[in-house]
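Presented below is the structure to which this report refers.
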Amino acid sequence: MENKAFHTVQHSVRKKDAMQLLTGKPVYTDDLAPKDALIVKLLRSPHANAIVRSIDTEKAKKVPGIVDIYTWEDVPKNRYSNAGQTYPEPSPYDRLIIDRHVRFSGDVVAIIAAEHEKAALQAMRLIRVEYDVLEAVLDFRKAKDGEILVHPEEDWSVPCDMGDDHRRNLVATGRTSAGDIDAVVKDCDIVLDRTYHTKAFQQGMMETFRTYTEMDAYGRLHVVSSTQIVFHCRRILSRALGIPKSRIRVEKPRIGGGFGAKQTSVSEVYPAFVTWMTGRPAKLIYTREECQIAGSPRHEMEVRVRLGADRDGRIRALDIYTLSNSGAYGEHGSTTVGLTAEKSIPLYTGGLEAHRFAYDVVYTNLQSAGAYRGYGATQGIFAVESTVNELAEQLGIDPTVLREKNMVQQGMTMPAYYNEIANSCALDRCMSRCRELFDWEQKYPVRDMGNGKVRASGVAIAMQGSCIPNVDVGSATVRLNDDGGYHLIIAAADMGTGCDTILSQMVAECMDCSVEDVTVFGADTDASPYDSGSYASSTTYVTGTAVVKACEELKGKLCAIAAKMMDCPKEDTCFEGANIRCVSGNKAVTLSDVCYQTQLGGIIAPEATASHSSPVSPPPYMVGMAEIELDRVTGKVEVLNYTAVVDCGTPVNPALARVQTEGGIVQGIGHTLMENVTYDQKGRPMESSFMQYRMPTRLDIGKLRVEFEQSYEPTGPFGAKSIGEIVINTPAPAIAHAIYRATGVWHRELPITAERIIMDKE
C-alpha cells in the first residue's frame with residue numbers, strides 16, 4: 001500500500017459542498033431555522049464576580065411579544081461542563097444554566113424568549129438586577145491559594161481526578177518527569193531560564209455560535225446547531241436539563257468555521273431550555289460582541305522553560321512549568337495544558353537526557369477559555385522554540401543546524417511522548433526543503449534596507465498529534481445504493497476543513513469508484529454511528545481508518561451476496577469496482593444487481609459500520625520560516641514571506657491540505673503581531689468587536705509558500721496523519737526570532753505590537 005499509485009487519494013478533488021456554498025444555498029443553522037422560532041436573548045452580568053441579590057422581570061414581561069423570561073430560580077440545578085470531551089469528562093461540573101453567582105463579566109443572568117428580536121431587546125433594557133458585587137480574581141498569577149474563591153459552592157464535582165481543588169482555585173495540577181533533570185541541568189555548559197506569556201486569543205470564526213431547537217413529532221428535543229461535537233452536545237444537554245439522552249436529537253448542518261470554539265457547547269443549552277419549557281421552536285444567534293466577551297477563547301498561559309545544553313549545541317535537558325488561566329469555568333483546562341510540553345519537548349528527542357513538566361490550571365473571574373486550534377501546543381511551542389533560537393544565537397550556531405543536531409528523526413523513541421516511536425518522521429527533510437525554498441542562506445543575515453528599515457528572518461519547528469490515543473472513537477457507515485453508488489454516514493463535523501470530501505475520497509479509493517458516486521450524510525445523533533467529533537486533529541486519521549475498515553467489511557458482504565447470485569464460492573469472487581466477477585467462470589454481476597438482490601428476501605444488508613480508536617497518535621511535523629521587514633522608527637512589522645514544509649504523512653487531498661496550512665499560518669501571524677485580549681480594572685473585556693480586536697487580512701501576510709514532504713504512517717489510512725492543528729504553531733516563534741534578529745530584543749509576550757517594539761528597544 002505504501003508504494004501504490006492511488007486513483008483518488010492524494011488527488012485534489014473539489015469539495016463536496018463547494019457549489020452549495022458558492023451559489024449561496026441555505027445550508028447554515030440560521031438558514032434552516034423555522035421562521036416562527038422564538039428569539040432567544042441573554043442578559044449578561046456587567047460584573048466579574050457578584051451575587052444576584054434580586055431580579056425584577058415584571059415590566060419586561062409586559063412588553064408585547066415577550067413569551068417568558070427565565071432567571072436562576074427557574075432553571076434546573078444540575079451542574080455540568082460545557083466541554084465537548086469523551087465521557088468521563090476531565091473537566092469539572094461547575095456550571096449551571098443560570099447561576100445566582102455570576103463569575104465573569106458576560107455571565108448569563110436571564111434568558112429572554114420573545115416572538116421577535118425587537119421585543120427581546122426592549123425587555124432586556126427593562127430587567128432590573130441588584131447585585132452584591134464581590135472582589136474578583138483578575139490576575140491568574142495570584143489565583144492559586146488566593147483568599148477569593150471563584151467556585152465556593154459545595155456541589156462542585158469532577159468526573160476524573162485531575163489534581164483539582166476548587167478550594168484552591170485549581171482546575172488541575174500535575175507533574176511528570178524522566179531522568180534526573182536537576183543533575184543534568186547542573187552539568188550543562190549553558191542553562192537558559194526564560195518565561196513566556198500568551199494571551200487568550202479569539203477564534204474569530206466567520207459564523208458565530210448559533211442554535212435552533214424544536215420538539216419533534218415524537219415529543220423529543222431536536223437540536224440543530226453549529227457544533228463540532230453532536231454526541232457530546234447531546235450528553236451535555238441531557239445533564240444540564242435533566243432529561244434522558246434518548247429524548248434528545250442533535251444534528252449539525254454546514255458550519256461556518258469553528259477552530260475549536262465549537263468543541264464547547266456555548267449556545268445550545270439556552271434555546272433548548274426555552275423549547276423544553278414552551279414546546280415551541282427557539283433560536284439563539286450570538287452577536288459578534290457576545291462571541292468576543294462570552295465565547296471560548298484560547299487559554300492564557302505563562303510558560304517557564306529551563307533548557308540545558310552543551311557548548312556544541314546538544315540539548316540535554318528541558319524543564320517546563322505552565323500556569324494556565326481557565327477563566328471562570330474549567331472546560332478543557334486540564335487537557336490543553338498537557339500539550340504545552342507533550343508537543344514541544346519530544347521535538348528534541350535527539351540528545352535529550354532528562355525532562356520535567358509541571359503545571360497548574362487556575363480559575364479566575366475572566367471569560368472562560370476553551371479549545372482553539374493547536375490546543376496548548378501553540379503556547380508551549382512558542383516558548384520552547386524561542387528558547388532554542390536564543391540558544392542558537394548565544395552559541396553562534398545557525399538555528400537550522402542546531403535543530404538538525406537535536407531534532408527527533410525517523411525510528412526514534414520519544415520518551416516525552418508516551419514512549420511512542422516516530423514511525424513516520426520527515427522533519428529532517430522538511431528542514432532541508434524549507435531552507436531551499438526560503439533561500440535561508442541569503443535571507444538569514446540581517447539586511448539594512450535604509451530609511452530605518454531592516455529585514456530579518458527566523459525559524460521554528462513544530463509537531464502535533466493525530467488523535468487522543470486510547471480515548472476517542474471514530475465511526476463510519478458505508479452503504480451500497482441501488483444505483484451502484486455509496487452512502488457514507490458519519491458523525492465527524494466538516495467545519496470547512498473538507499473532511500466530508502476527504503472521507504469520500506477514501507471510500508472511492510477503497511471501492512474503486514469516483515468521488516461523485518459517494519454521498520455523505522452527517523452528523524446526526526439519531527442516524528450517524530457514534531463518533532467523538534471533529535477535534536484533536538483526529539478526523540482524517542481516526543475516522544478515516546474507520547471508513548477504510550467499513551469499506552473492507554462491505555466488500556466482503558457484497559462478494560458473499562454476489563457469490564450466491566453466481567453460484568460461485570465467495571473466495572473465488574473478485575471485486576472490480578462496478579462489478580463483482582467470478583474468477584473461475586465467465587460470470588459477473590453489477591453492484592446495482594447486488595443491491596436489488598438484497599431487497600428480494602436478502603438476509604445480508606449491503607452496508608457496514610466500523611469504529612476505530614488508536615493506541616498511538618503519530619505526530620505530523622512542520623518547519624516554518626519567516627522573513628520580516630521592521631521599521632525601527634515606528635516598530636511596524638511586515639511579514640514579507642512565510643515558507644512552510646509539512647509532513648502530514650500522505651496528503652489525502654493536497655489542495656485542502658494546502659489551504660489548511662495557509663489558514664493556520666495566517667492565524668499564527670495574527671496571534672503574534674496584532675490580536676490581543678485585554679480587560680479593564682473591573683474585569684470587563686476591552687475588545688468587543690473586530691474594530692478593537694484586529695485580525696490579519698490578506699494585506700498583512702505577504703507571500704505564503706507551502707509544500708509537503710511526504711512520509712508514510714503505517715497506522716493511518718493510506719499512510720495519512722493529521723494536519724488541522726500543527727499549521728498554527730510555527731509563526732509565533734519564527735516571527736519573534738526574526739524580530740530579535742532585527743532589533744536585538746527578545747519578546748516573550750504575545751502579541752508583539754509595534755508599540756512594544758518601540759518601548760522595548762535594546
Side-chain angles (χ1 to χ4, degrees), residues 8-9 13 15-18 20-21 27 29 84 86 223-235 249-255 258 262-263 466-468 471-481 485-511 513 515-555 605-614 652-653 656 660 716-718 720 722-724:
T8 304
V9 165
V13 303
K15 285 179 65 178
K16 279 286 184 181
D17 57 359
Q20 289 177 294
L21 303 181
V27 295
T29 300
T86 296
V223 179
V224 179
S225 189
S226 183
T227 178
Q228 302 172 216
I229 41 138
V230 291
F231 280 99
H232 295 333
C233 182
R234 183 180 67 173
R235 185 189 67 243
R249 173 190 176 191
V250 179
E251 64 172 313
K252 69 94 193 166
R254 292 291 92 187
I255 300 176
K262 294 169 183 175
Q263 193 191 339
S466 292
C467 66
I468 304 174
V471 174
D472 287 334
V473 173
S475 300
T477 296
V478 183
R479 176 186 302 150
L480 177 66
N481 297 324
Y486 296 93
H487 205 57
L488 171 62
I489 306 169
I490 56 174
D494 193 328
M495 300 171 283
T497 55
C499 79
D500 286 359
T501 308
I502 289 166
L503 297 176
S504 295
Q505 286 180 257
M506 293 184 185
V507 173
E509 189 69 48
C510 291
M511 306 308 291
C513 65
V515 178
E516 288 71 26
D517 291 331
V518 182
T519 303
V520 187
F521 173 83
D524 185 330
T525 56
D526 269 14
S528 303
Y530 175 82
D531 193 291
S532 301
S534 294
Y535 60 88
S537 297
S538 62
T539 304
T540 297
Y541 178 72
V542 176
T543 306
T545 302
V547 167
V548 173
K549 285 182 174 180
C551 286
E552 292 305 312
E553 183 180 337
L554 179 57
K555 277 185 185 179
E607 65 178 55
T609 299
S611 297
H612 181 68
S613 182
S614 177
V652 177
N653 187 314
L656 294 180
Q660 282 275 293
F718 307 102
S722 78
I723 195 170

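Computation of the quantities below employed the complete heavy-atom set of this structure, encompassing side-chain atoms and omitting hydrogens, waters and symmetry-equivalent molecules.
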Measure across [X] and [Y] and return the closest heavy-atom pair with its distance rounded to 0.1 Å.
| X | Y | answer |
| --- | --- | --- |
| Gln20 | Val27 | NE2-CG1, 3.8 Å |
| Glu516 | Lys16 | CA-NZ, 4.1 Å |
| Gly498 | Lys15 | CA-CE, 4.0 Å |
| Ser532 | Ile229 | O-CG2, 3.8 Å |
| Ile255 | Asp494 | CB-O, 3.9 Å |
| Ser537 | Ser722 | O-CB, 3.0 Å |

Can you tell me how far the [atom1] atom of [X] sits from the [atom2] atom of [Y], to the nearest 0.5 Å?
| X | Y | atom1 | atom2 | answer |
| --- | --- | --- | --- | --- |
| Thr543 | Ile502 | OG1 | CD1 | 11.0 Å |
| Phe521 | Asp500 | CZ | CG | 11.0 Å |
| Thr86 | Tyr535 | OG1 | OH | 3.5 Å |
| Ser611 | Asp531 | OG | CG | 8.0 Å |
| Leu503 | Thr540 | CG | OG1 | 6.5 Å |
| Thr29 | Arg254 | OG1 | CZ | 11.0 Å |

**Message:** Parallel, tilted or perpendicular: which one describes the rings of Tyr541 and His612, with boundaries at 30° and 60°?
**Reply:**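 Answer is perpendicular, since the angle exceeds 60°.
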
[X] side chain to [Y] main-chain N or O, any donor-acceptor pair under 3.5 Å?
| X | Y | result |
| --- | --- | --- |
| Ser475 | Tyr530 | yes |
| Lys262 | Ser225 | no |
| Gln505 | Thr8 | yes |
| Glu509 | Val9 | yes |
| Ser528 | Ile490 | yes |
| Ser613 | Asp472 | yes |
| Gln228 | Ala493 | no |

**Message:** Is there a side-chain contact (heavy atoms from CB on, under 4.5 Å) between Leu554 and Met511? Walk through the geometry before answering.
**Reply:** CA-CA 9 Å; Leu554 179 57; Met511 306 308 291; 4.2 Å; yes

**Request:** Using a 4.5 Å cut-off on heavy atoms from C-beta on, say whether the side chain of Val230 contacts that of Asp524.
**Result:**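 No, too far: nothing below the 4.5 Å cut-off.
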
**Message:** A side-chain contact here means heavy atoms from C-beta on lying under 4.5 Å apart; do Cys510 and Phe718 qualify?
**Reply:**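 Yes, at least one pair of side-chain atoms sits under 4.5 Å.
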
**Request:** Before giving the answer on side-chain contact (heavy atoms from CB on, under 4.5 Å), spell out for Thr519 and Tyr486 the whole-Å C-alpha distance, their side-chain angles and the decisive distance to 0.1 Å.
**Result:** CA-CA 6 Å; Thr519 303; Tyr486 296 93; over 6 Å; no

**Asked** For Cys551 and Val507, what are the C-alpha separation, side-chain angles and deciding distance, and is it a side-chain contact (heavy atoms from CB on, under 4.5 Å)?
**Response** CA-CA 7 Å; Cys551 286; Val507 173; 4.1 Å; yes

